[in-house]
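Contents: one structure, followed by commentary.
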Amino acid sequence: MMQIKISTPRSFNFVRTVFSHGWSELVPFELDQKKWRLLRVIDLPARPPVSITICRAKGGLRIEAGEELNEAQEAAIAKAVRHMLRLDDDLKPFYAAVGGSENFEWIAREGAGRLLRAPTVFEDLVKMICTTNCSWALTDKMVNALVRLLGSETPDGRRSFPSPEAMAAMPVAFYSNEVRAGYRAGYLKELADQIASGAVDVEGWLTTELATPELKREMKKIKGVGDYAAENVLRLVGRYDGLALDSWIRSKFSRTRNKGRTASDKKIERYYSSFGEWRGLALWCDMTRDWLDGNKAAAS
DNA sequence: GCGTCCAGGTCTACC
DNA sequence: GGTAGACCTGGACGC
């Protein structure tokens, strides 16, 4: 049994982070909302993947795995956790930007704004394509099938998110017939092929020097990635000026910020424009503030 | 039981 | 550069 502790920034809020959007509900994440423990399957080099659990501990987080691991493997797990929970992101400028605004000052107080992400951009991108133009139930079904049918097995019987190579090895028919991805089947196959062959490097999006508009153009070159998917992936690589408006956001904005009346995209843009390069994150926090209402465990 | 709508959109063809 | 129409799936809804 492995157990490691990692420190977190003073402003870090574990619950707000793991519950920052829907990813914690999709395998190979599993979220226990009663105990606020996040389970995740992590890939490691030259051995089967492992299931880890992450929970709050004094001064930071405690990570547990059900087996012994060497020092390098523990370091790899800690690195993946820091990446997923955005522990090294500097949100001070964001908190300064929202701090003076009524209805937004809670964001800094509660330490919101760290959006959970997968260990790889590839996984985030595949999942984002699986959220387009369908219900969340269908997204869940597609992602489940990918992990169940193509992921590597852990010692405790779970499965990791499939590698680009594992996905590239399957034909388009697999994605329509088994994954039930519909017209997205070709997009998933093409994306996996491009990454497995080295033609496209999406992990490089994390560190690229490209300005956000150019990076967004790069993202939209991937078939199946439009404005919504690109702007959401931009958030997950740390760029927050896109609003990533979708049917859920439009509906929520109308209900909470426009007296129930339909709001144009222009109006939504104007509402958050004062937050500049942080407007997309301000919007997301504003729209998801009530997700923890009624949950006392979330307060700390 | 059957048809329609639409959900955390995107692509293509055509102006 | 802007926009209609098509596109897989599956659950909700009305009849």
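Convention: sequence-line order gives letters A, B, ...; per-chain numbering from 1. Atoms considered below: every heavy atom in the structure, side chains included; atoms not considered: hydrogens, waters and symmetry mates.
With A:F275 as the partner, the ring-ring contact (aromatic ring centres under 6.0 Å, His included) test is satisfied by one option alone out of A:F104, A:W284, A:F94, A:Y240: A:F104.
Taking atom OH of A:Y175 as the reference point, atom P of C:dT9 lies 16 Å away to the nearest angstrom. Atom CE in A:M142 sits about 13 Å away from atom P in C:dC8, given to the nearest Å. If you measure from atom NZ of A:K266 to atom C1' of C:dG2, you get 12 Å, rounded to the nearest angstrom. Nucleotide C:dC8 holds its C1' atom 12 Å from the NZ atom of A:K141, rounded to whole Å. The distance from atom CG of A:L191 to atom P of B:dT10 is 14 Å, rounded to the nearest whole Å. Remark: P of B:dT12 and NZ of A:K220 are 13 Å apart, rounded to the nearest angstrom. The nearest whole Å value for the distance from the CG atom in A:D227 to the C1' atom in C:dG2 is 13 Å. Between A:D265 atom CG and C:dG2 atom P the separation is 13 Å, expressed in whole Å.
Ion pairing between a basic and an acidic side chain is recognised when a charged N comes within 4.0 Å of a carboxylate O; A:E231 and A:K220 show no such pairing.
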### Message
Let's go through A:N258 and A:Y271 carefully: what are the C-alpha distance in whole Å and the side-chain angles of both, what is the deciding distance for side-chain hydrogen bond (donor to acceptor under 3.5 Å, both in side chains) to 0.1 Å, and is it a yes or a no?
### Response
CA-CA 10 Å; A:N258 207 40; A:Y271 190 87; over 6 Å; no
### Query
Which letter, B, S or -, goes with each nucleotide of nucleotides 3-8 of chain B from 5' to 3', with contact meaning a protein heavy atom under 4.0 Å?
----BB
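One finds a side-chain N or O of A:R180 lying less than 4.0 angstrom from the OP1 or OP2 phosphate oxygen of C:dG10. Note on A:K223: every side-chain N or O is 4.0 Å or more away from OP1 and OP2 of B:dT10.
For the P atoms, the distance linking C:dC7 with B:dC5 amounts to 16 Å, nearest Å. C:dC8 and B:dA13: their P atoms are spaced 15 Å apart (whole Å). Distance check on atom C1': B:dG8 versus B:dT12 gives 23 Å, rounded to whole Å.
Residue-level contact check: A:A229 touches the backbone only, with heavy atoms under 4.0 Å from sugar-phosphate atoms and none from bases. When heavy atoms are screened at a 4.0 angstrom cut-off, A:I129 is found touching no nucleic acid atom at all. Across all strands, A:G182 comes closer than 4.0 Å to base atoms (heavy-atom distances). In this structure, A:R250 reaches neither bases nor backbone, as no heavy-atom distance under 4.0 Å exists between it and the strands shown.
Nucleotide B:dG8 forms no Watson-Crick or G-U wobble pair with any nucleotide shown, as no partner meets the under 3.5 Å limit on both distances. Across the strands present, C:dC8 finds no partner; the criterion is a Watson-Crick or G-U wobble pair with both atom distances under 3.5 angstrom.
In this structure, a donor-acceptor pair under 3.5 Å is present between the side chains of A:W23 and A:D124. A:S176 and A:Y183 share no donor-acceptor pair across their side chains, judged by distance under 3.5 Å alone. A:S11 and A:R114 share a side-chain donor-acceptor pair at under 3.5 Å.
The minimum heavy-atom distance linking A:S160 with A:V41 is given by the pair CA-CG1, 3.5 Å.
Remark: the A:Y183 side chain and the B:dG9 base include a donor-acceptor N/O pair separated by less than 3.5 Å.
A chain of hydrophobic side-chain contacts below 4.5 Å, direct or via other Ile, Leu, Val, Met, Phe, Trp or Tyr residues, connects A:L44 to A:I52.
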